[in-house]
There are 2 protein chains.
Amino acid sequence: MTRHERLNALLELLADAGQLSVEEAAARMAVSAATIRRDFDELAQQQMLTRTRGGAVANSVSYDLPLRYKTARHASEKQRIAAATAGLVPPGAIIGLNGGTTTTEVARVLATRPDPGGGRPALTIVTNALNIASELAVRPHVKIVLTGGVPRPQSYELTGPLAAGIFDHVTLDIAVLGVTGITPEHGATCPNEDEAAVNRLLADRADHVVVVADGSKVGRRDFARICDTTTINTLVTDETLSEEAAAPFTEAGVEVIRA
Amino acid sequence: MTRHERLNALLELLADAGQLSVEEAAARMAVSAATIRRDFDELAQQQMLTRTRGGAVANSVSYDLPLRYKTARHASEKQRIAAATAGLVPPGAIIGLNGGTTTTEVARVLATRPDPGGGRPALTIVTNALNIASELAVRPHVKIVLTGGVPRPQSYELTGPLAAGIFDHVTLDIAVLGVTGITPEHGATCPNEDEAAVNRLLADRADHVVVVADGSKVGRRDFARICDTTTINTLVTDETLSEEAAAPFTEAGVEVIRA
DNA sequence: TAAGAAACGAGCATAAATGAGCATCAAGGG
DNA sequence: CCCTTGATGCTCATTTATGCTCGTTTCTTA
């Protein structure tokens with residue numbers, strides 16, 4: 001394991017547990033305690049953690065553990081959802097994407113799809129997700145428009161009035177929203193009210209609203225409401241969602257796609 | 001396999017795995033480790049990857065590596081320039097940064113500097129550089145404000161009317177501008193007129209304008225003008241700039257710091 | 001409060017990685 | 001045919017990362 005990998009692994013462990021002792025870290029990484037101390041000192045210098053006697057504590061409690069676990073667990077479902085969602089997007093469309101692991105996967109699928117030619121960008125993607133913009137900035141046949149704003153470390157989404165301001169100036173063909181919860185009664189929800197506000201604007205500006213959510217999120221609700229079920233045109237989810245659970249959405253006029 | 005093919009293959013492997021060791025790359029490409037090091041160095045120069053001891057890591061933000069440790073390379077000219085520039089920034093300041101390798105280095109130095117405490121963000125950074133925002137989003141002690149706009153693949157800078165619109169809403173204590181050329185007659189210049197326009201707004205909104213440029217850029221001029229020499233308060237450069245070359249700037253009222 | 005234990009930092013030795021310099025090789029042009 | 005140019009591989013001095021030892025600091029608890 002290289003030094004670089006080890007430092008990242010230490011941060012991972014720290015994000016999970018919130019704290020980490022020198023001894024435990026040394027055992028996990030199979031290096032001496034002296035090395036771990038040097039690592040902790042360097043990461044402390046970079047403000048990534050705070051040194052304590054005998055160990056270190058996480059500096060920002062910000063890493064969304066459940067999110068990351070689900071990423072690993074539902075990877076293939078996410079990719080099938082992403083592929084199905086990309087299938088809804090015609091060439092040349094203007095598409096809005098918010099942040100999240102599923103929408104990032106959608107962005108990857110869209111970016112790698114063949115260029116229909118004709119000189120114009122094959123696709124315009126409007127997003128408030130920093131990671132999506134970074135990843136797609138180098139793709140030549142996709143035009144990226146990033147909202148401004150302040151990034152939340154937890155999700156890499158830009159929020160705030162500066163993010164909202166952009167939506168006075170654009171319209172979208174399709175908005176693809178990743179959410180952490182969706183129910184027939186409460187509609188789409190996410191954990192943060194600032195993100196919800198920006199996501200709502202994405203939905204408002206779009207002709208067609210697509211919500212992507214793996215089966216574990218359907219029936220859950222989170223703190224901040226993004227939009228009502230009646231606003232949603234399509235829900236793309238996976239086969240872990242039962243027919244019965246899908247029925248209320250269909251009745252509310254939402255097309256449900258189980259990839 | 002040509003050199004060009006090999007560089008692309010390296011980036012491909014890196015995109016897949018997120019990291020790559022010199023040894024493994026040498027084996028896969030059937031070339032010596034020395035060649036791989038040269039390749040990595042060149043790609044690192046182009047911001048396509050980040051060099052680590054023993055290998056390299058991909059340069060894109062990803063949910064798979066939510067906490068990214070950045071290697072602090074050692075005293076190069078850029079880093080001395082960056083350190084000197086960071087010394088000009090008082091705690092709690094609101095600072096504007098444009099894109100470029102030197103300003104990215106300034107951002108790193110600012111992000112790792114010790115927290116003065118007191119609860120408020122130690123620093124607010126307003127930038128149109130996607131890579132700086134990505135890298136600093138996880139730093140808890142720095143508030144990042146990103147302009148909106150369309151990223152240019154070459155520089156990761158956001159440009160266009162959406163980027164410009166932000167500057168109606170903010171003011172800055174200090175603007176730090178990386179440029180590709182600066183002369184006493186023509187002022188600061190860069191290769192792209194859209195970037196120049198956004199950079200000019202950064203300078204306009206700031207009380208104090210600092211231009212960072214290594215010695216090779218002083219005396220050069222590029223296509224698009226950012227601002228006049230009279231607008232510039234401070235030029236931070238390195239010791240490769242002769243006293244004689246610095247004199248015209250001093251006479252024009254620019255404080256020249258040779259780090 | 002004081003003794004013992006744990007953690008720490010500094011210094012040193014070793015091994016790996018690196019960068020610089022040099023020789024070789026292939027491609028292309030006069 | 002020879003020369004130039006650029007890429008590559010090799011060697012060696014230097015830098016960097018690591019583990020160990022030892023004296024010092026800090027915490028625990030009697």
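Side chains are part of it too, since the values below use all heavy atoms of this structure and drop only hydrogens, waters and symmetry mates.
Note that CD1 of B/I95 is 8.5 Å distant from CG of B/L88, once rounded to the nearest 0.5 Å. Taking CD1 from B/I125 and CD1 from B/I174, the interatomic distance works out to 11.0 Å, rounded to the nearest 0.5 Å. If you take OG1 on B/T103 and CG on B/L110, they are separated by 10.5 Å, rounding to the nearest 0.5 Å. Here the straight-line distance linking atom CD of A/Q47 with atom NE2 of B/H141 works out to 5.0 Å at 0.5 Å rounding. The distance from the CD atom of B/Q19 to the CG atom of B/L13 is 12.0 Å, given to the nearest 0.5 Å. To the nearest 0.5 Å, atom CZ of residue B/R38 and atom CG of residue B/L43 are 14.0 Å apart.
Atom P of nucleotide D/dT18 and atom CZ of A/F40 are separated by 14 Å, given to the nearest angstrom. One interatomic measurement links the two molecules: CD1 of B/I36 to C1' of C/dT18, which rounds to 15 Å at whole-angstrom precision. Following rounding to the nearest Å, A/E23 (CD) and C/dA6 (P) show an atom-to-atom distance of 10 Å. Between the CG atom of A/L20 and the P atom of C/dA7 there is a distance of 13 Å, rounded to whole Å. In this structure, A/D39 atom CG and D/dT16 atom C1' are separated by 13 Å, rounded to whole Å.
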Check your understanding: Is there a side-chain contact (heavy atoms from CB on, under 4.5 Å) between B/T234 and B/V211 once you walk through the steps?
Key -> CA-CA 6 Å; B/T234 309; B/V211 169; over 6 Å; no

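Applying the salt bridge (charged side-chain N to carboxylate O under 4.0 Å, His left out) definition to pairs two or more places apart or across chains, none involves residues 174-191 of chain B.
The shortest distance between the side-chain N/O atoms of B/T35 and the OP1/OP2 oxygens of D/dG9 is below 4.0 Å.
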So which protein N/O to nucleotides 8-15 of chain C N/O distances come out below 3.5 Å?
{"from": "C/dC8", "atom 1": "OP1", "to": "A/R51", "atom 2": "NH1", "distance (Å)": "3.3"}
{"from": "C/dC8", "atom 1": "OP1", "to": "A/T52", "atom 2": "O", "distance (Å)": "3.4"}
{"from": "C/dC8", "atom 1": "OP1", "to": "A/G54", "atom 2": "N", "distance (Å)": "2.6"}
{"from": "C/dC8", "atom 1": "OP2", "to": "A/R37", "atom 2": "NE", "distance (Å)": "2.6"}
{"from": "C/dC8", "atom 1": "OP2", "to": "A/R37", "atom 2": "NH2", "distance (Å)": "3.4"}

Please enumerate all protein N or O atoms sitting under 3.5 Å from an N or O of nucleotides 12-14 of chain D, with distances to 0.1 Å.
none

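A salt bridge is absent between B/D238 and B/K78; no separation between the charged side-chain nitrogens and carboxylate oxygens falls under 4.0 Å.
Residues from residues 2-13 of chain B lying near DNA chain D, meaning a heavy-atom separation below 4.0 Å, are B/R3, B/R6 in numerical order.
Every residue two or more places apart in sequence or in another chain that forms a side-chain hydrogen bond (donor to acceptor under 3.5 Å, both in side chains) with B/D222 is listed here: B/T180.
Looking at every heavy atom in both residues, A/Y156 comes nearest to B/S134 through CE2-O, 4.1 Å.
Overall bending of the helix from C/dT1-D/dA30 to C/dG30-D/dC1, expressed as the angle between end axes built from five pairs apiece, is 20° (10° steps).
Looking at heavy atoms from C-beta onward, B/T237 lies out of side-chain contact with B/I257 at the 4.5 angstrom threshold.
Between the side chains of B/N98 and B/T127, no donor-acceptor pair of N or O atoms lies under 3.5 Å.
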